[in-house]
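Just so it is clear, the structure is predicted and the values come from calculations on it, not from any experiment.
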Amino acid sequence: MTHTIRKATADDAGRLAALAAVTFPLACPPESTPADIAAHLAATLSEANFQNYLADPGITVLVIDSDGELRGYSMLVDRPPGDPEVAAVLTALPATELSKCYVHPDHHGLGAAAELMQASISEASAAGANGIWLGVNSQNAKAIRFYEKSGFRKVGTKSFTLGSTVEHDFVMERALPTPQRELAADALKSPL
């Protein structure tokens with residue numbers, strides 16, 4: 001199965017909402033109720049919300065496009081964190097938030113998530129960020145392992161409201177390669 005990773009367009013909003021309806025519940029804690037999940041989908045991951053995200057110049061949405069079918073997406077938010085708990089623990093500034101990173105379950109285990117993560121990291125770095133951060137539910141061991149393998153480390157915690165429930169998330173951060181950092185690393189490798 002061939003696929004490409006590309007920036008989403010306004011035409012993708014409906015397909016992104018449909019994909020989010022499949023992928024978001026997979027990241028929720030087992031005790032999450034269908035009503036809380038549905039409320040979150042309606043409040044933040046609807047077609048109208050995706051249209052707004054895609055029109056926002058501070059947000060970049062990348063998609064895995066497999067022959068016209070969207071099989072994964074990530075959302076990068078390029079602005080300072082609004083949550084004081086997050087702002088207090090980030091060290092690689094300015095930082096971009098990896099707000100969402102989901103792959104359709106049919107593509108799990110095929111390397112698509114790693115490709116999407118690498119594309120997201122490259123996009124944030126190219127936009128001038130020194131770091132990238134995310135929030136992940138503290139009970140989502142599979143996602144935490146994936147993020148750690150992708151170079152993220154736990155730096156703090158934050159709260160996340162899912163419908164009528166307050167969930168507890170880890171804040172994870174990763175420094176990004178920048179031209180200056182790469183030049184410094186190359187200089188350290190070079191014999192004098």
- [ ] Taking all non-hydrogen atoms of both residues into account, name the closest pair between Leu162 and Ser32 and its distance.
- [x]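 Between these two residues, the closest heavy atoms are CD2-OG, 3.4 Å.
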With sequence neighbours left out, what residues match [X] under side-chain hydrogen bond (donor to acceptor under 3.5 Å, both in side chains)?
| X | answer |
| --- | --- |
| Asp78 | none |
| Gln118 | Ser122 |
| His40 | Thr44 |
| Asp106 | Arg71 |

Verify same cluster id: [X], [Y] (apolar side-chain graph, 4.5 Å):
| X | Y | value |
| --- | --- | --- |
| Phe152 | Val171 | no |
| Val155 | Phe170 | no |
| Val63 | Leu45 | yes |
| Leu54 | Leu41 | yes |
| Phe160 | Ile144 | no |

Task: Atom pair CG (Leu134) and CE (Met172), whose distance is rounded to the nearest 0.5 Å - done: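 Between atom CG of Leu134 and atom CE of Met172 there are 6.5 Å.
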TODO: With sequence neighbours excluded, give me every side-chain hydrogen bond (donor to acceptor under 3.5 Å, both in side chains) pair touching residues 139-159.
DONE: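 Pairs touching residues 139-159 that pass the test: Glu31-Gln139.
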- [ ] Kindly indicate whether the side chain of Leu62, heavy atoms from C-beta on, has any atom under 4.5 Å from the side chain of Thr60.
- [x]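 They are in side-chain contact.
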Open item on the list: With a 4.5 Å cut-off on side-chain heavy atoms, are Val136 and Asp169 touching?
Closed with: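 SC-SC contact between Asp169 and Val136 ruled out.
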TODO: For Tyr73, check ring-ring contact (aromatic ring centres under 6.0 Å, His included) against everything at least two apart and list the hits.
DONE: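 Counting only residues at least two positions away or on another chain, Tyr73 forms a ring-ring contact (aromatic ring centres under 6.0 Å, His included) with Phe50, Tyr102.
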Task: Pairs flagged by salt bridge (Lys or Arg N to Asp or Glu O under 4.0 Å) wherever residues 47-59 is involved - sequence neighbours left out - done: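 As it turns out, the salt bridge (Lys or Arg N to Asp or Glu O under 4.0 Å) pairs with a partner in residues 47-59, which skip direct neighbours, are Asp56-Arg79.
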Taking side-chain contact (heavy atoms from CB on, under 4.5 Å) as the test, write out the residues that go with [X], two or more places apart.
| X | answer |
| --- | --- |
| Thr4 | Asp65 |
| Glu115 | His3, Ile5 |
| Asn49 | Ser46, Tyr53 |

Test your reading of the model: is there a side-chain donor-acceptor pair from [X] to the backbone of [Y], 3.5 Å cut-off?
| X | Y | result |
| --- | --- | --- |
| Thr96 | Leu76 | no |
| His104 | Leu70 | no |
| Ser66 | Glu69 | no |

Open item on the list: side chain to side chain contact (heavy atoms under 4.5 Å, CB included) for Leu98 and Met117? Distances and angles first, verdict last.
Closed with: CA-CA 9 Å; Leu98 180 59; Met117 177 60 74; 3.6 Å; yes
Show which side-chain atoms of residues 14-29 pair as donor or acceptor with protein atoms under 3.5 Å away, not counting sequence neighbours.
{"unit_1": "Arg15", "atom_1": "NH1", "unit_2": "Gly68", "atom_2": "O", "d": "2.3"}
{"unit_1": "Arg15", "atom_1": "NH2", "unit_2": "Asp12", "atom_2": "OD1", "d": "2.5"}
{"unit_1": "Thr23", "atom_1": "OG1", "unit_2": "Leu19", "atom_2": "O", "d": "3.1"}

Solution key, residues 81-93 side-chain donor-acceptor pairs under 3.5 Å, sequence neighbours excluded:
{"unit_1": "Asp83", "atom_1": "OD1", "unit_2": "Glu85", "atom_2": "N", "d": "2.8"}
{"unit_1": "Thr91", "atom_1": "OG1", "unit_2": "Glu173", "atom_2": "OE1", "d": "3.0"}

